[in-house]
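Let me begin by presenting the structure, written as structure tokens, before commenting on it.
A note on names: the letters A, B, ... follow the listed sequences, proteins ahead of strands, and every chain is numbered from 1. These values consider heavy atoms only, across backbone and side chains, with no hydrogens, waters or symmetry-generated copies.
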Amino acid sequence: MTAMTREETQALIQEVLEAYPDKAKKDRAKHLAVNDQSVEQSKKCITSNRKSLPGVMTVRGCAYAGSKGVVWGPIKDMIHISHGPVGCGQYSRAGRRNYYIGHTGVNTFGTMNFTSDFQEKDIVFGGDKKLAKLIDEIEGLFPLSKGITVQSECPIGLIGDDIEAVSKKKGKELEKPIVPVRCEGFRGVSQSLGHHIANDAIRDWVIGNRDGDESFPTTPYDVAVIGDYNIGGDAWASRILLEEMGLRVVAQWSGDGTLAEMELTPKVKLNLIHCYRSMNYISRHMEEKYGIPWMEYNFFGPTKIAESLRKIAAFFDETIQVNAEKVIAKYEAEYQAIIAKYRPRLEGKRVMLYVGGLRPRHVIGAYEDLGMEVVGTGYEFAHNDDYDRTIKDMGNATLLYDDVTGYEFEEFVKKIKPDLIGSGIKEKYIFQKMGVPFRQMHSWDYSGPYHGYDGFAIFARDMDMTINNPCWKSMQAPWLKSAEGEVEKLAASA
Amino acid sequence: MPNVMIRKNDAGDLLFYVAKKDMEETIASVELDTAETWGGGVELTDGSRWYIDPISPPPVFPTTLRFKRGDE
């Protein structure tokens with residue numbers, strides 16, 4: 001199928017919307033758009049960060065997911081208490097594959113689940129005493145933890161527990177930072193508010209901890225990597241490029257990150273921000289309070305990596321700029337070989353994406369490096385500033401869908417017939433059963449890393465083995481195939 | 001009266017960012033922008049108007065300031 005025109009895409013949206021009742025149609029129409037690169041501001045064409053329509057299938061998460069699962073969870077040397085009933089913590093435990101180095105249960109706690117396991121009596125009589133007891137138990141069992149965060153689940157806000165008071169009291173007693181986070185799941189329309197709340201908690205309880213303490217020796221080349229969650233080792237693949245350039249990575253936020261790194265971040269010269277959506281708040285705060293500039297970068301695919309490395313180097317002196325060119329040249333043979341190998345196998349394939357955070361726009365470059373085309377993209381929980389950044393990266397007349405519903409996504413796929421879909425686990429089996437190759441792009445389908453030059457090799461291999469998997473030729477049951485093929489086969493074997 | 005964070009973007013223009021409203025606009029013009037004072041009526045590129053009592057000496061950006069809606 002050739003590329004669709006603007007009118008065709010618009011007609012497709014209209015056709016899909018027809019199934020809704022009038023009120024729902026009116027609401028959903030605002031979230032679906034045809035990309036137009038000439039539009040300067042996304043708010044003119046798409047509405048985002050609004051409450052999902054009741055009754056439709058959405059794949060959004062909650063504020064707790066945004067705070068515990070995304071921002072705080074990967075801080076490896078702190079213990080993150082899922083304060084409330086047991087399920088929220090248990091079902092989100094270790095699902096995001098934020099890799100880290102350390103001895104789990106001794107000095108790192110990333111894949112463990114700590115919960116206050118609320119029972120009926122805790123809801124009736126309040127859970128503050130239980131929280132205090134839990135913190136004491138943690139201190140007894142895991143004395144090497146550097147701090148504790150209290151990640152509120154819905155009931156905490158509903159019954160009005162005072163987790164701040166408990167945290168302050170216990171923090172003084174144990175002489176460790178204990179951070180209460182008010183990320184009850186009912187707050188906001190998606191996990192996005194959870195990111196914001198978590199950023200605010202970091203701002204209030206962590207960032208200022210080493211103000212006035214000049215004992216940390218700094219260099220002019222200190223940077224912090226912000227908003228890289230080290231999924232499958234992403235942050236490591238990014239970090240080596242920065243270090244090869246001669247920069248010193250002081251902090252990783254928050255994949256494989258530590259409390260000490262976060263506290264030292266105000267000492268850096270530049271904040272490098274990968275996931276803009278989840279961590280722009282803290283970067284803006286550090287810019288205002290400490291005068292640290294921040295910039296967004298993109299380490300997906302060689303074109304964007306080279307672009308980003310040069311952009312980062314421009315903040316520093318000539319040695320770094322020369323080094324950046326050296327790094328790009330060093331990996332050139334490597335990535336050219338990968339493109340030479342995979343591009344012929346993937347050329348012209350069409351991709352539809354529906355993920356969250358930064359990926360709906362950041363991975364476009366990597367697909368284009370492989371000769372593929374992204375024909376539709378959408379965010380689960382973006383705000384308008386994300387779409388502002390997306391419009392320029394996407395081709396004209398491609399589809400944009402915000403908080404797409406299960407029904408809409410299926411219909412779009414049926415009509416557009418992409419060669420690959422990149423989305424989450426909830427979509428994966430639906431589309432595979434429809435016979436469409438699928439990659440789970442939240443945690444790289446248990447592969448990765450995808451960032452950096454090393455990650456690009458894995459990315460290309462994964463896309464190839466998904467799209468060109470022989471199983472897609474076996475979608476029809478053998479007894480349903482036309483008989484002619486069989487006759488020929490028999491003739492050949494005879 | 002929203003809290004607005006004013007910062008410079010890469011091109012040197014002033015950005016008007018309201019976190020709660022999720023709004024980031026470029027400032028088109030400022031009524032008073034001299035060496036002594038900064039403020040007064042502010043017009044954004046989307047056409048909306050805002051007001052802040054002139055500040056002197058001018059603030060160092062980025063900074064957070066409280067603005068009023070200009071059409072009040």
Side-chain angles (χ1 to χ4, degrees), chain A residues 39-51 187-190 192-193 195-200 203 270-271 273 276-297 307-308 310-312 314-315 379 381-389 391 402, chain B residues 1-30 32-33 35-72:
Chain A
V39 173
E40 283 298 321
Q41 286 176 318
S42 62
K43 65 180 175 192
K44 291 189 179 122
C45 67
I46 198 160
T47 306
S48 57
N49 201 29
R50 289 285 177 277
K51 192 165 116 40
R187 293 186 198 274
V189 298
S190 65
S192 189
L193 190 70
H195 305 144
H196 199 154
I197 292 168
N199 275 235
D200 287 354
R203 178 194 70 197
L270 176 66
N271 278 327
I273 159 163
Y276 170 85
R277 180 70 273 134
S278 59
M279 288 218 176
N280 78 81
Y281 316 101
I282 199 73
S283 309
R284 286 176 197 274
H285 170 71
M286 281 192 266
E287 184 183 38
E288 186 178 351
K289 192 169 171 198
Y290 302 97
I292 305 167
W294 53 275
M295 64 158 281
E296 294 164 56
Y297 71 105
E307 216 172 84
S308 296
R310 290 191 179 113
K311 214 169 126 196
I312 294 166
F315 277 85
Y379 295 83
F381 52 84
H383 300 198
N384 273 32
D385 40 0
D386 291 295
Y387 285 103
D388 286 342
R389 290 161 169 78
I391 289 172
D402 178 67
Chain B
M1 295 234 297
N3 268 326
V4 181
M5 182 187 252
I6 311 276
R7 62 183 291 266
K8 283 201 168 78
N9 68 4
D10 297 340
D13 300 322
L14 287 175
L15 287 174
F16 189 93
Y17 174 70
V18 189
K20 284 217 169 134
K21 291 231 178 275
D22 190 33
M23 154 183 168
E24 192 169 30
E25 294 288 344
T26 319
I27 294 180
S29 68
V30 184
L32 292 169
D33 190 5
E36 291 89 47
T37 48
W38 189 91
V42 168
E43 186 163 356
L44 307 184
T45 44
D46 68 345
S48 66
R49 299 188 63 83
W50 299 77
Y51 179 81
I52 186 165
D53 289 327
I55 307 164
S56 91
V60 181
F61 302 116
T63 186
T64 300
L65 302 167
R66 269 178 97 80
F67 277 78
K68 283 185 205 156
R69 286 183 192 282
D71 41 13
E72 278 162 15

Mind checking side chain to side chain contact (heavy atoms under 4.5 Å, CB included) for B:Ile55 and listing every partner two or more places apart, or none if nothing turns up? B:Ile52, B:Pro59, B:Leu65
Grab the two heavy atoms, one from B:Pro58 and one from B:Ala35, that are nearest each other, plus how far apart they are. CD-O, 3.2 Å
Roughly how far apart are A:Ile292 CD1 and A:Leu270 CG, rounded to 0.5 Å? 9.0 Å
Rounded to the nearest 0.5 Å, how far does CG of B:Leu44 lie from CZ of B:Phe67? 8.5 Å
Please report all inter-chain donor-acceptor pairs (under 3.5 Å) between chain B and chain A, with distances to 0.1 Å.
unit_1, atom_1, unit_2, atom_2, d
B:Arg7, NE, A:Glu287, OE1, 2.7
B:Asp22, OD1, A:His383, ND1, 2.9
B:Asp22, OD2, A:His383, ND1, 3.2
B:Asp22, OD2, A:Asn384, N, 3.4
B:Glu24, OE2, A:Arg284, NH1, 3.3
B:Glu24, OE2, A:Arg284, NH2, 3.3
B:Glu25, OE1, A:Gln41, NE2, 2.5
B:Glu25, OE2, A:Gln41, NE2, 3.0
B:Glu25, OE2, A:Lys43, NZ, 2.7
B:Asp46, OD2, A:Lys43, NZ, 3.3
B:Thr64, N, A:Glu288, OE2, 2.8
B:Thr64, OG1, A:Glu288, OE1, 2.6
B:Thr64, OG1, A:Glu288, OE2, 2.7

So which heavy atom on B:Tyr51 is nearest to which on B:Gly41, and how close? CD1-N, 3.8 Å
Over 60° means perpendicular and under 30° means parallel, so tell me whether B:Trp50 and B:Phe16 are parallel, tilted or perpendicular. tilted
